J.: 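Provided herewith is a single structure, encoded as structure tokens, for subsequent inquiry.
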Amino acid sequence: MVDQQRPPAMPAPAYDPAAEAGWAEAPPRMGFFTDTSVCIGCKACEVACKEWNGVPTSGLDLLGMSYDNTGALTANSWRHVAFVEQPRPAGHRTPPFAGTPTGDPVSAASAARAAGTTNPTGTDPGLPPGDPPAAARMTEFLGMPAAGPPGRTGSADGRSEFRWLMMSDVCKHCTRAGCLDVCPTGALFRTEFGTVVVQEDICNGCGYCVSACPYGVIDRRADDGRVWKCTLCYDRIGAGLTPACAQACPTESIQYGPLDELRERAAARVATLHERGVPEARLYGHDPDDGVGGDGAFFLLLDEPEVYGLPPDPQVTTHDLPRMWRRAGLAALAMAAGAAAAFLGGRR
Amino acid sequence: MANADVIVIQGSNMAEAHPVGFQWVMEAKRRGAKVFHVDPRFTRTSAVADAYLPIRAGTDIALLGGVVNYILANELDFREYVLAYTNAATIVSDEFVDAEDADGIFSGFDPETGSYVQDSWQYAGHERDSGGGETLTERETAAGLGHESHGAPLAGQVDRDETLQHPRCVYQILKRHFARYTPEMVERVCGLPQEKFLELARAWTENSGRERTGCLIYSVGWTQHTVGVQYIRTGAIIQLLLGNVGRPGGGVLALRGHASIQGSTDIPTLFNLLPGYLPMPHHAEHPSFDAWVNGIRHPGQKGFWGNARAYATSLLKAYWGDAATPENDFCYGYLPRLTGDHGTYRQVLDMIDGRIKGYFLLGQNPAVGSAHGRAQRLGMANLDWLVVRDLFMIESATFWQRGPEVATGEIVPEQCRTEVFFLPAASHVEKEGTFTQTQRLLQWREKAVDPPGDARSELWFFYHLGRRLREKLAGSPLPRDRALLDLTWDYPTHGPDAEPDAEAVLREINGYDTATGRPLSAFTEARDDGTTAVGCWIYTGVYADGVNQAARRRPGSEQDWVAAEWGWAWPANRRTLYNRASADPQGRPWSERKRYVWWDAAAGRWTGHDVPDFELTKPPSYRPPEGATGPAALAGDDAFVMQADGKAWLYAPSGVLDGPLPTHYEPAESPMRNPLYAQQANPTRKMYAHPVNPTNPSPPQEHSEVFPYVFTVSRLTEHHTAGGMSRTVRPLAELQPEMFVEVSPELATLVGLTHLGWAHLVSARAVIEAKVLVTDRLTPLRVDGRVIHQLWLPYHFGFEGLVTGDSANDLFGITLDPNVLIQESKIGTCDVRPGRRPTGAALRDLVEDYRTRAGIVPGTVPPAVTPGVPTGPAGSGGDGEGNG
Amino acid sequence: MNPERPETGDRFRRFRDQATGGPREGRRGGRGGEELNVPRAEFTSYYGRPVLKPPVWTWEIAAYLFTGGLAAGSSLLAAGGQVTGRPEVRRAGRIAALGAVTASAVLLVKDLGRPERFHHMLRVAKPTSPMSVGTWILTAYGPAAGLAALAEAAPWLPERGPLGLARRVLPPVGRAAGLAAAATAPALGTYTAVLLADTAVPSWHEAYPHLPLVFAGSALASGAGVGLLAVPPAQAGPARRMAMAGAALELFAAHQVENRLGLLGEPYRTGRAGRLLRAGRALTAAGVAGALLGRRSRAVAALSGAALLAASVATRFGVFQAGVASARDPKYTVLPQRERLDRRRAAEAADPDRWAGPAPATEL
Amino acid sequence: MGLRDVLLGWPVYRQLTGTDPLGRGAAAQSARSAGLTARTQDADRVARSVCPYCAVGCGQRVFVTDNQVTQIEGDPDSPISRGRLCPKGSASKSLVTSPLRQTTVRYRRPYGTEWEDLDLDTALDMIADRILAARAETWEDVDAEGRPLNRTLGISSLGGATLDNEENYLIKKLFTAMGALQIENQARI
């Protein structure tokens with residue numbers, strides 16, 4: 001949940017999901033903080049994750065989504081580095097292309113074509129089909145759909161603004177995890193570290209979690225039947241090691257550690273960036289009061305979440321479950337009453 | 001790098017090609033440093049840089065010259081540093097004529113040989129005795145840098161004007177040379193708006209001086225040009241003027257591309273060098289041992305090359321052991337001699353002409369990695385035998401069966417006579433040994449597992465091959481076989497495969513006392529009387545005290561930021577060269593913030609965070625006695641201990657073959673006329689007039705518009721060089737699965753390309769196809785009134801492996817830089833057309849059609865000197881009538 | 001680029017507010033009466049890719065929604081027949097219930113990625129998982145419906161011997177089982193609605209207040225359909241009334257779903273889902289009309305029974321398709337959430353202290 | 001596993017009796033998950049190595065179990081890389097264990113159209129013979145003016161930048177002694 005207005009209030013006494021899930025004297029809750037302002041899009045995280053967890057191939061297809069040929073978080077890619085080329089200002093930096101002759105922006109058009117790569121792209125399972133018209137609007141400046149984005153005057157005197165956003169996406173390990181709540185077999189469980197892990201020896205592939213995840217992370221692997229996602233290297237952190245992606249990340253864009261510490265560090269980093277003239281830096285998923293109770297893996301973004309494919313205000317579905325049961329109860333009563341009336345009513 | 005206050009990355013895409021090294025740029029950025037990236041294309045480095053400067057490929061000297069001009073025009077140089085440590089004050093000969101005054105050609109140009117006679121470049125009064133002379137031999141034997149790294153021949157004292165006012169002092173010559181490189185000229189030549197250029201110049205100068213340092217980072221983006229060495233020279237001049245060399249957070253850092261490419265030039269599998277940068281003897285210049293040694297040490301000059309006789313003798317003792325005696329000049333007679341250019345491209349053309357019988361490929365893939373892929377493959381198709389040692393079945397092993405030329409019918413397997421042996425190689429975890437990384441650091445790798453099946457290390461292959469050759473030649477009376485039979489070749493072996501002991505070889509490289517076998521601890525212990533044997537003198541110390549220093553693994557967290565106890569850096573474990581310059585002439589650190597190495601008067605020795613690059617006990621006040629030579633001749637403030645005059649060279653009287661000062665020349669293939677000089681391209685560039693090697697026409701030649709677009713080539717993070725070690729690895733192949741070309745939206749609309757559609761690119765050598773990525777990251781540039789379109793290609797793809805594609809290097813021809821004979825493969829001109837390329841014979845017809853339309857006559861090369869440019873008679877001061 | 005540059009989304013709000021005449025104050029809970037007539041607002045997405053993963057379920061689950069409802073409806077019918085002494089109705093209901101619950105079991109197991117691990121469903125009992133609750137409901141309902149149907153076979157058993165004993169014991173056991181099945185039937189009929197609603201699929205989640213009622217009505221109607229089909233018109237009075245009750249419930253709730261969800265109601269009205277739901281409504285109406293008019297003719301009753309069954313199938317598949325469609329288009333995820341976020345921010349800006357953020361999720 | 005154990009192990013029972021009534025954590029954990037540990041912990045040995053790709057020289061730790069490389073990751077002790085790796089370095093395990101790696105000698109006879117097998121020792125011998133033949137055929141003792149040349153221009157070699165210093169040293173020493181001075185490597189490409 002993007003939250004800028006409210007000063008980063010002192011975090012309320014953290015609701016500790018591990019303790020809540022029955023872990024006596026659980027260790028401090030561990031998580032990821034991904035600072036996308038220092039990400040260089042090298043994809044070491046994607047490779048390190050696959051090497052450690054033996055994740056099978058996610059397909060050999062040029063997707064045309066800038067340098068992203070993985071496409072999305074799927075059962076075969078538990079880390080996904082997103083690339084967004086935008087003709088928009090990049091914090092305090094001088095416009096890269098000021099004064100060079102230019103024509104229309106291409107980001108929208110190339111995005112629409114890239115969205116068209118929906119035929120089975122080999123990243124089976126799960127690369128969701130794209131919607132070309134939606135993609136065509138990829139870099140429209142929010143609120144000014146008609147006019148071209150700033151700087152891209154389209155006239156001969158020059159384009160100016162440009163920036164290239166990169167972000168390593170991963171499972172959010174939500175405090176209130178939809179996938180965990182709805183799992184009917186207990187395959188998904190809350191570990192003592194407060195992370196959410198699929199137990200491959202239990203999962204029977206019912207697929208309920210896939211629909212319950214508000215971020216579209218967890219996914220069923222076609223030829224295997226079970227669902228797979230990031231385990232925050234449950235085996236490594238159990239042995240006191242650092243998750244493979246966090247250790248490999250060359251610029252420490254991915255930071256692993258106790259969640260409280262990470263939240264403080266993140267708040268300080270945002271403040272530093274604002275001082276240094278990068279006002280668009282904002283945290284995402286850090287706020288314990290958001291719709292999923294805050295994420296175990298949260299981010300520092302440089303644009304609206306949906307530009308990266310993230311939901312702007314995710315809400316764990318079980319938030320409304322009590323009301324749902326009440327409505328179902330009413331319906332059940334209505335049903336029983338209807339049946340009873342049917343029999344008691346008429347004579348014959 | 002982390003201590004830098006400004007970082008300029010040019011001719012390098014560090015975040016993509018050296019990502020883990022890039023953490024130190026991010027560290028500097030976190031501490032407030034400003035990062036500049038200068039590149040024809042907005043890359044992942046530009047994405048996190050503070051400022052990105054688009055530039056026309058091939059015009060780096062115009063930009064850097066502009067910075068030099070900005071510094072000198074505004075007197076922003078670090079004056080004390082420049083006066084004390086550079087040759088700014090030295091007076092140059094009056095015979096010298098600058099290129100500014102001669103249409104872009106310096107004095108001393110000999111049109112017949114296309115090379116310079118350097119007498120007129122020397123310091124005043126040393127025109128005849130400083131060993132200038134003709135440089136044709138140097139160019140042919142890539143020995144240009146021989147002088148530079150050995151210190152150019154320079155005898156006795158030189159005239160200096162400390163006020164820097166003398167019209168012929170280096171400072172004034174530099175000022176006049178770059179006077180025309182104004183911000184307007186930079187915008188006109190590079191297509192870079194003035195205010196962006198001034199932002200760079202301001203930041204670079206403001207962050208230099210006593211309190212602040214800036215570092216300059218480059219890699220093959222600079223070296224692979226016909227003026228590559230001059231790019232680096234200009235960068236060095238800027239860093240010297242601003243006093244950034246030898247200081248923490250300063251310096252000129254080359255980022256090298258392979259795990260041990262630095263090692264493979266220190267202990268060179270190169271034709272022109274012997275280990276420790278001793279030159280391979282030349283048949284005419286080095287007939288005798290003394291001539292060879294004096295050619296290296298240049299009697300009478302200062303600097304550490306003075307001990308060259310000891311290094312040379314010790315090398316010969318290491319090679320031929322007891323057989324090498326003072327009487328037979330330590331078997332100097334056994335060494336083969338150079339007669340001219342034996343570089344890899346000369347060899348490939350000789351292969352095509354059938355002059356070469358056998359070819360070894362040792363972990364290299366020229367069919368994709370070298371320029372002019374077609375020539376590489378045609379050459380290999382005309383050998384007697386080819387031995388390929390690699391981890392995977394690379395393109396250079398299967399060209400005869402699946403190469404592009406098989407498809408076009410130029411190579412018919414049934415008629416291709418090359419006998420090919422493919423021997424599997426051991427990977428880096430299946431053998432032990434040292435890599436030398438880009439900061440000259442040797443790191444020992446422990447062996448994890450045995451190599452699978454028949455895979456073996458090169459150590460195994462060459463040791464046993466040598467043993468077998470010596471067995472077959474045992475008892476041979478022929479003199480030519482003596483060299484092999486007298487070789488010291490008895491290394492201990494171990495393990496099931498009889499693997500030679502790498503540590504024994506490292507001990508020989510380090511050097512030992514022939515009598516006791518004690519490993520030497522420093523190269524100063526080498527003797528010229530045959531009592532020491534040293535495989536590579538600059539590596540002496542790697543086995544100091546009989547301990548493998550390269551295997552030291554003291555954790556970085558337990559050391560200071562120099563981390564001297566991790567691995568071992570040559571020379572003498574020094575991490576920053578010329579660090580004497582981090583202290584002022586009196587030996588005091590320039591500033592507390594940049595304290596690095598300083599003179600400890602109490603202890604009477606140099607000390608600091610690093611091994612001082614100076615004789616430990618020589619005080620700053622020391623002045624050499626009259627007539628002293630070698631190290632003894634170095635004064636207390638001669639920080640550049642390898643140079644013949646102990647000073648850093650803003651002006652290079654010799655050692656660089658294409659001019660004492662960097663001059664902007666257009667690349668060999670350019671769509672533009674040189675806006676600065678009448679001379680279009682580097683007049684001393686090395687060209688091959690072979691039928692297989694046509695060159696695209698450039699102005700003022702006719703038909704240059706047949707290839708109107710500029711293309712450049714570089715790396716992706718996800719792939720590695722020719723792709724042999726990444727297109728065969730699934731997690732990497734997935735990340736960049738297809739060959740693509742990046743074009744700007746303007747070029748796409750101009751030519752009719754669509755995103756994710758196909759395009760094919762044509763040059764005089766070949767036509768290749770690639771998927772199109774239309775991106776805002778490339779932009780056309782307004783250059784001298786014209787709009788120039790640039791496009792970019794990754795060069796990793798070939799026809800083998802999990803993901804395949806056409807090779808970008810097929811487009812390039814073979815034109816080399818004169819100093820080190822590196823090919824120009826960072827810039828070329830081409831045509832681009834929508835759709836896939838033709839196949840089969842139709843492909844050859846398309847290329848042929850382009851050649852005829854471009855008016856290319858097979859077997860000819862463009863004129864080295866642009867017609868109409870006057871070249872004064874060799875050696876005399878030309879009276880060129882003003883600049884062109 | 002000056003530091004006080006307006007926050008990126010700011011222009012969007014000014015544009016939207018000026019376009020829609022003031023911030024839209026949707027009523028809490030009641031989901032705002034009139035349609036959220038935001039102009040086809042622009043939104044960004046990652047190359048047009050959906051934010052969510054579309055459900056991995058296939059037609060088997062949609063079919064299960066129908067068979068589950070049918071089983072529930074039939075058990076109620078059977079219990080009604082049992083209690084009010086209509087053996088024809090009871091027998092038809094019980095047999096239909098057994099058939100439907102068996103089909104349900106087969107469909108559910110077949111849809112699993114690892115069918116051989118279907119018993120893992122009984123590994124835990126999680127109130128937070130409607131599918132876990134549903135599994136336990138099925139575990140209770142299944143044997144009861146089975147026993148009830150078995151009891152129908154009592155008359156064909158021989159007199160003496162162990163089977164004879166079974167012959168005597170079955171009818172009372174059948175009656176108890178019938179009542180037990182009827183007791184769990186309403187839960188079986190409506191839990192599937194909670195199962196769909198308790199997902200992140202926008203249109204399913206948004207419809208949680210009305211979906212149970214749709215499924216309840218549909219279940220009743222399909223139960224009534226069985227009655228109309230299998231029971232002579234004379235005894236089919238209750239079936240007719242049940243059909244009317246069911247249809248009424250379903251039509252009312254379906255209307256709510258299609259019109260009270262604003263943008264998220266769109267998938268129920270458009271595309272394949274829209275066609276299916278409209279067909280369902282038409283068939284329901286025809287079925288009920290047929291039931292009322294054709295009191296006497298066996299053929300018309302049967303026909304209307306079939307229509308009711310078909311209607312139930314169409315409705316279930318329609319609801320299923322609508323959900324999948326809403327997960328595929330990023331618009332249905334991004335816009336409502338952006339809307340909710342902006343509304344909350346506006347409210348926070350209005351009186352920061354009152355608003356403590358969204359009602360903290362119930363401490364589940 | 002007696003019936004009693006089955007009951008005790010049944011998560012529903014653990015839900016009712018344990019600290020996790022909703023079955024979302026401790027109760028739902030399977031025996032396998034409880035026993036999970038990192039494979040690097042029980043490796044037979046760890047080799048300290050250096051990445052084979054670019055020249056930054058990042059430290060690598062190579063974990064070996066039953067003579068198989070099971071993991072290659074960054075070496076946190078390295079002052080150069082601080083335990084980090086790029087995508088290529090991180091893929092080192094897939095590189096050294098790639099199924100595409102050649103492990104047998106392959107031979108293509110002149111004018112042949114297919115690869116054939118050849119044992120290593122025979123190959124070494126054939127190569128040695130060919131070297132000596134080519135060397136003899138193209139040997140140059142002296143130049144036109146009688147000055148020594150001591151060389152053959154009939155043999156070329158390319159490669160060295162990806163090899164160890166010790167390997168480069170033996171290659172240069174052997175080729176120089178053979179008079180084959182046409183050896184080059186990537187440093188000039």
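Chain letters run A, B, ... following the sequence lines, proteins first, then strands; residues in each count from 1. Because the structure is predicted, anything quoted here is derived from the model rather than measured.
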J.: Side chain, backbone, both or neither: which part of B/A748 has a heavy atom under 4.5 Å from chain A?
T.: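 No part of B/A748 comes within 4.5 Å of chain A.
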J.: Side chain, backbone, both or neither: which part of B/E27 has an atom under 4.5 Å from a heavy atom of chain A?
T.: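 When you check distances to chain A, no heavy atom of B/E27 falls under 4.5 Å.
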J.: Identify which part of B/P193 has an atom lying under 4.5 Å from any heavy atom of chain A, answering side chain, backbone, both or neither.
T.: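 For B/P193, the side chain is the part near chain A, not the backbone.
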J.: Would you mind checking which part of B/E16 comes under 4.5 Å of any heavy atom in chain A, side chain (CB onward), backbone (N, CA, C, O), both or neither?
T.: side chain
J.: Is it true that the NZ or CZ of B/K771 lies under 6.0 Å from the centre of B/W758's six-membered ring and within 45 degrees of the ring axis?
T.: yes
J.: Just do the side-chain contact (heavy atoms from CB on, under 4.5 Å) check on B/F36 and B/V6 with the steps written out, would you?
T.: CA-CA 8 Å; B/F36 286 83; B/V6 67; 3.9 Å; yes
J.: Does any heavy atom of chain A fall under 4.5 Å from the side chain of B/Q736, the backbone, both, or neither of them?
T.: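 Contact with chain A is through both the backbone and side chain of B/Q736.
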J.: Could you check whether the rings of A/F83 and A/W164 sit parallel, tilted or perpendicular, using 30° and 60° as the cut-offs?
T.: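 The arrangement is tilted - the two ring planes meet at 30° to 60°.
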J.: Relative to chain A, which segment of B/V48 carries a heavy atom at a distance below 4.5 Å: side chain, backbone, both, or neither?
T.: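 It is both, since atoms from each part get that close.
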J.: Could you tell me which portion of B/L192 (side chain, backbone, both or neither) has an atom closer than 4.5 angstrom to a non-hydrogen atom of chain A?
T.: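 For B/L192, neither part sits under 4.5 Å from chain A.
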J.: By a 4.5 Å heavy-atom criterion (distance strictly below it), what part of A/S37 contacts chain B: side chain, backbone, both, or neither?
T.: backbone
J.: Where does B/T43 contact chain A at under 4.5 Å (heavy atoms): side chain, backbone, both or neither?
T.: backbone
J.: Measuring heavy-atom distances to chain A, does B/L781 have an atom under 4.5 Å in its side chain, in its backbone, in both, or in neither?
T.: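 Looking at B/L781, backbone and side chain both touch chain A.
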J.: Heavy-atom distances under 4.5 Å only: say whether A/C249 touches chain B with side chain, backbone, both or neither.
T.: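 For A/C249, no heavy atom lies under 4.5 Å from chain B.
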J.: Under 6.0 Å from the ring centre and within 45 degrees of the ring axis: does the NZ or CZ of B/R777 meet both conditions for the six-membered ring of A/Y67?
T.: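 Yes, B/R777 lies over the aromatic ring of A/Y67.
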J.: Below 4.5 Å from any heavy atom of chain A, which atoms of B/F42 appear? Answer side chain, backbone, both or neither.
T.: both
J.: Which region of B/L716, side chain (C-beta onward) or backbone (N, CA, C, O), has a non-hydrogen atom less than 4.5 Å from a non-hydrogen atom of chain A, or is it both or neither?
T.: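 Side chain only.
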